[in-house]
Structure formats: C-alpha cells, structure tokens
*Asks:* 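One structure coming up, written as structure tokens, with questions to follow.
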Amino acid sequence: MDKERVASQDKSVNLGSDSQAADDNVKRSKQRIIYVTYLIAALDITWLFLQFSITPYLAKRLGFNTLWFGYLQTTVGVVQLLGGPIFGRFADLLGARAALSLSCFASVVYFLLLAVADSVPMLFIHKLPAVFMHVLPGAQMVVADLTEPGNRADALAKLGLCFGIGMIAGSTLGGTLSTRYGETFAACVAATGSFISFILVLKFIPKHTKEQAPQKNTESKPNAKSVFNLGEITRLMRFPGVARTFLVKIISGLPAGIFQVMFSVIAMNFFQLQPEQNGYLMAYFGMVQMVMQGGVIGRLTARYSENTLLLLSIGVSSFVGLAQALMVNVFQFCFIVIPMMFSLSIFNVITDSMLTKSVPSSDTGTMLGLCASVQSLLRTVGPTIGGFLYQNYGVSSFGYIQFALNIGVFMYMIRGVSDSRQEHKD
C-alpha cells in the first residue's frame with residue numbers, strides 16, 4: 001500500500017509539473033508573438049513617418065496649395081474610414097495572420113505607387129491601397145487577445161512606445177533620404193521595409209490569436225460570418241458605455257486630429273522648416289512619446305482608474321490647446337509638445353482599453369477597427385476643416401477650438417460622474 005501511495009503521489013507531482021511546464025511554454029509563446037508584433041508595428045510606423053517627410057514636399061513640387069493638400073489628406077481619411085471597421089471584422093473572422101498580411105502587402109503597393117508618382121492624379125491614386133493599411137489596429141488586436149484585461153492598458157501603451165520608436169526612425173530617415181537621394185529612393189526603401197514586415201507576419205504570427213475560434217460566436221446567425229455584415233459591426237455600439245466613450249473619443253480628439261493632419265503644412269509654412277529639420281522635430285515627438293508610453297502610462301494605470309486618467313488627459317489637452325493658440329515659434333512649440341504627447345498618449349491608450357474591455361473577446365478586432373475608423377474620420381474631415389481654418393484664421397484657431405471643445409467634454413464627464421455617484425447614494 002505504501003508503495004502504491006508513493007507511486008500515486010509521484011504521478012500527481014509529475015502531472016502537476018507537466019501542467020506547469022505546459023503553461024510556461026504557452027506564456028513564452030504568447031510573449032514571443034507579442035514581441036514580434038511590437039517589431040512589426042514599429043517597422044510600419046517607421047515607413048509611415050518616412051512618407052510624411054516625402055508627401056508634403058512632393059505635393060508642393062507638383063503645385064499643390066494648402067487646400068489641395070487638405071483634399072489629398074482627406075482622400076486617405078475616406079479610404080481608411082471605409083476600410084477600418086471591415087478590416088477589424090476581417091481580422092475577427094479570418095485571423096490575425098491573414099489581416100496583418102493583407103495590411104503589409106497593401107503597404108508595399110502603396111509605397112511603390114508613391115515611388116512612381118510624378119503627377120497630381122498619381123499622387124491621389126497612390127493613396128487608394130490605404131483602405132487595407134491597418135497594421136496598428138491589427139497589432140492592437142493581437143496584443144489585446146494575448147493579454148489579460150488587467151494588463152491590457154500597459155500592453156497597449158507599449159505599442160505606443162513602438163509608435164515613438166517608429167516616429168523617430170521614420171522621420172529622421174525620411175528627411176535624410178529624401179534630401180540626399182530624392183523622394184523616389186525613400187519610397188522604395190519604405191516598400192522594401194513593408195515587404196520585410198510581410199515576411200515576419202507569415203513566419204511568426206499564428207493564424208488565430210483568440211482563445212476561442214471566432215466562428216463559434218456566429219453559428220447561430222445566418223449572415224454573421226460575412227465580413228461586410230454592417231449589423232455585426234454596429235451592434236457593438238449597443239454594449240454598455242461604448243457609445244459614450246466613442247462620442248468622447250470623436251469630439252475630444254477632433255481638434256488634436258485637425259492639428260496633426262495639418263502639422264506638415266504648419267511646419268513648412270508657419271515654422272519655415274526644411275525637410276531635414278522637420279524630420280528632427282518629428283524625431284523629438286517620438287522621443288517624448290517613448291518616455292510617456294514606456295515610463296509613465298504603465299505606472300499611472302497601475303495607480304489610478306481609467307475614468308480618472310481619461311479626465312486627466314482631456315483636462316491637460318484643453319490647456320495644451322490654449323498654449324498652441326498663443327505660440328509664435330517652433331522653440332515654444334517644443335515645450336508644448338511634452339504635455340501634448342502626455343495627454344494624447346493617455347487618451348488613446350485608455351479609450352482603446354476601455355472599448356476592448358466593453359465587448360466580448362471575439363469582437364476585439366472589430367472594435368479596434370472601429371477605433372481606427374475614428375482616427376480615419378478625423379483625418380477625413382480634419383484636412384478640409386484645417387485648410388479652411390489655416391487660410392482664414394491662422395494657426396491660433398486650432399488651439400482655441402481645442403481649448404473650447406475639451407473644456408466642454410471635461411465638464412460633461414464631470415457631470416456624468418456626479419450623476420452616477422448621486423444614483424448610487426439614492
């Protein structure tokens with residue numbers, strides 16, 4: 001009997017150790033996928049900011065004025081607005097590998113078309129593949145799927161760190177390459193880099209990253225498996241808190257979105273920066289964002305609630321707008337960048353985290369696609385509004401609008417918190 005008991009105990013210990021080893025292997029595998037996803041995101045942002053150092057100067061050389069450049073930016077916003085939610089649905093149904101492969105391949109086509117763009121129509125045509133270019137939302141979906149809800153905000157913030165790295169590398173590289181070797185060579189470098197990302201996706205990203213295959217959630221609905229089922233996309237708005245957070249994301253993000261899409265024009269005309277100088281300024285943005293995403297947001301999310309941090313970001317953003325309205329040179333703007341990146345980083349990470357937690361895990365891709373569509377919406381209306389404001393009222397108008405709208409959203413949210421507390425007391 002003693003021998004049987006000992007044998008039974010040894011078997012239990014072995015089973016326990018095997019189970020622990022299996023869990024450790026799964027965790028290491030997930031962590032490796034997340035690290036590769038961070039790398040793919042950093043590369044994608046690098047090529048994105050590289051083309052930001054090309055397009056404004058190429059457009060100016062082809063005879064674009066501020067208004068027509070706004071139309072060009074609007075074209076990107078429209079195609080990505082149409083593609084964002086559908087891409088998210090595509091990722092939920094067909095998996096992360098298929099979605100990210102499509103995005104990276106679209107980026108290759110996008111930059112090859114930019115390399116041969118030598119006329120106004122070609123500059124517009126090269127923007128069309130952007131309908132599929134959603135690497136960052138795809139990366140966010142992978143990270144959200146592979147992390148626990150409690151660690152999600154910190155993991156998404158690290159994607160923001162990758163954004164900062166890409167901003168520095170892309171801005172510096174774009175300014176240097178376009179100045180020394182021309183826009184065509186710089187665009188070819190970006191196309192080559194996007195193809196490398198495509199290979200990384202095929203080799204390291206699994207077909208599905210969700211714990212449960214997405215089809216299981218959709219078997220009871222006849223058209224639920226369709227990528228173009230708008231009912232399945234819009235139903236997410238009916239989950240508690242989603243519509244309110246989206247409203248805040250759009251209204252509060254609109255002024256900052258307008259300033260961002262117009263910044264290349266502001267840098268060129270208002271600050272009088274050359275391509276290489278503009279690249280250095282964008283690299284400074286990236287350094288500040290890296291500090292915020294890598295060293296600040298994780299600590300704040302561990303100490304404070306997401307609602308508190310959202311209020312903080314909106315409050316800071318309002319005063320950033322006032323400072324932008326009063327600035328007169330690039331030196332002053334460099335000081336404003338610090339609180340501006342602080343508020344933007346917290347706002348984007350917290351709203352994305354809140355929205356993905358509000359829906360089932362099988363719908364995180366669709367939700368992040370909708371989040372991306374908010375940014376695309378801002379890029380759609382932003383250039384037209386921004387071009388009008390810049391030509392008629394100057395740079396200061398951007399700051400005053402940001403101050404007014406964010407103060408209004410801040411008061412709305414404070415009132416909502418007060419009403420919620422009053423209801424709990426009653």
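Every heavy atom of this structure was used, including side-chain atoms; hydrogens, water molecules and symmetry mates were not. Bear in mind that the values here come from a model prediction, so they are computed numbers and not experimental data.
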*Asks:* State whether the number of non-hydrogen atoms from other residues, nucleotides or ligands found under 6.0 Å of Phe105 atom CZ is greater than 12.
*Replies:*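 No, not enclosed.
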
*Asks:* Looking only at the aromatic ring of each residue, does the gap between the centers of Phe285 and Phe263 stay below 6.0 angstrom?
*Replies:*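 Ring centroids of Phe263 and Phe285 are less than 6.0 Å from each other.
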
*Asks:* Do you know the tightest heavy-atom contact between Leu322 and Tyr400?
*Replies:*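 So the minimum-distance heavy-atom pair works out to CD1-CE2, 4.3 Å.
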
*Asks:* Please confirm whether Phe259 and Phe333 have ring centers closer than 6.0 angstrom.
*Replies:*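 Yes, they do, as the ring centres are separated by less than 6.0 Å.
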
*Asks:* Tell me the closest heavy-atom pair linking Met354 and Thr245, and the distance in Å.
*Replies:*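 Reported closest heavy-atom pair: CE-OG1, 4.2 Å.
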
*Asks:* Verify, without hydrogens or angle tests, whether Thr176 (side chain) and Leu173 (backbone) share a donor-acceptor contact under 3.5 angstrom.
*Replies:*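 Not confirmed, Thr176 side chain does not pair with Leu173 backbone.
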
*Asks:* Given side chains that start at C-beta, do those of Ile251 and Asn406 come closer than 4.5 Å, heavy atoms only?
*Replies:*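 Ile251 vs Asn406: side chains apart.
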
*Asks:* Could you check whether atom CE of Met287 has more than 12 heavy atoms from other residues, nucleotides or ligands sitting under 6.0 Å from it?
*Replies:*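 12 or below, so no.
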
*Asks:* Taking everything shown except Phe124 itself, do over 12 heavy atoms lie less than 6.0 Å from its CZ?
*Replies:*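 Yes - once you tally the heavy atoms of other residues, nucleotides and ligands closer than 6.0 Å, there are more than 12.
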
*Asks:* So, Thr308 versus Ser305: side-chain donor-acceptor pair below 3.5 Å or not?
*Replies:*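 Ser305 and Thr308 do have a side-chain donor-acceptor pair below 3.5 Å.
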
*Asks:* With Leu309 as reference, evaluate Ile314, Leu300, Val349 under the side chain to side chain contact (heavy atoms under 4.5 Å, CB included) test and give the passing residue.
*Replies:*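 Between Leu309 and the candidates, side chain to side chain contact (heavy atoms under 4.5 Å, CB included) is satisfied uniquely by Leu300.
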
*Asks:* Is it true that, when you exclude Phe319 itself, more than 12 heavy atoms of the residues, nucleotides or ligands shown sit nearer than 6.0 Å to its CZ?
*Replies:*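 Check fails, neighbour count at 12 or below.
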
*Asks:* How close do Val288 and Ile338 get, counting heavy atoms only, and between which atoms?
*Replies:*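 Scanning both residues, the minimum pair turns out to be CG1-CA, 4.0 Å.
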
*Asks:* Measure the acute angle between the ring planes of Tyr35 and Tyr38, then classify it against the limits of 30° and 60° as parallel, tilted or perpendicular.
*Replies:*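 Correct class here is tilted.
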
*Asks:* Can you measure from OG1 (Thr184) to CG (Leu112) and round to the nearest 0.5 angstrom?
*Replies:*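 Answer rounded to 0.5 Å: 11.5 Å.
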
*Asks:* Between Tyr390 and Ile258, is any pair of side-chain heavy atoms under 4.5 Å apart?
*Replies:*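 With C-beta onward as the side chain, the pair stays apart.
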
*Asks:* Take Tyr284 and Cys334, measure what side chain to side chain contact (heavy atoms under 4.5 Å, CB included) needs, and give me the verdict at the end.
*Replies:* CA-CA 8 Å; Tyr284 170 64; Cys334 286; 4.0 Å; yes

*Asks:* Spell out, as yes or no, whether a donor-acceptor pair under 3.5 Å connects the side chain of Ser252 to the backbone of Lys249.
*Replies:*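 Side chain of Ser252 to backbone of Lys249, a donor-acceptor pair under 3.5 Å: no, none is there.
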
*Asks:* Do the side chain of Gln402 and the main chain of Ser317 share a donor and acceptor less than 3.5 angstrom apart?
*Replies:*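 The answer is yes, because a donor-acceptor pair under 3.5 Å joins these two groups.
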
*Asks:* Roughly how far, to the nearest 0.5 Å, is CG of Leu100 from CG of Leu136?
*Replies:*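 Result: 10.0 Å between the selected atoms.
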
*Asks:* If we ignore angles and hydrogens, is there a donor and acceptor under 3.5 Å between the side chains of Ser353 and Glu306?
*Replies:*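 Per modelled atom types, Ser353 and Glu306 side chains form a pair under 3.5 Å.
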
*Asks:* Tell me the closest heavy-atom pair linking Ala106 and Phe132, and the distance in Å.
*Replies:*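 Looking at all heavy atoms of both residues, the shortest contact is CB-CB, 3.7 Å.
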
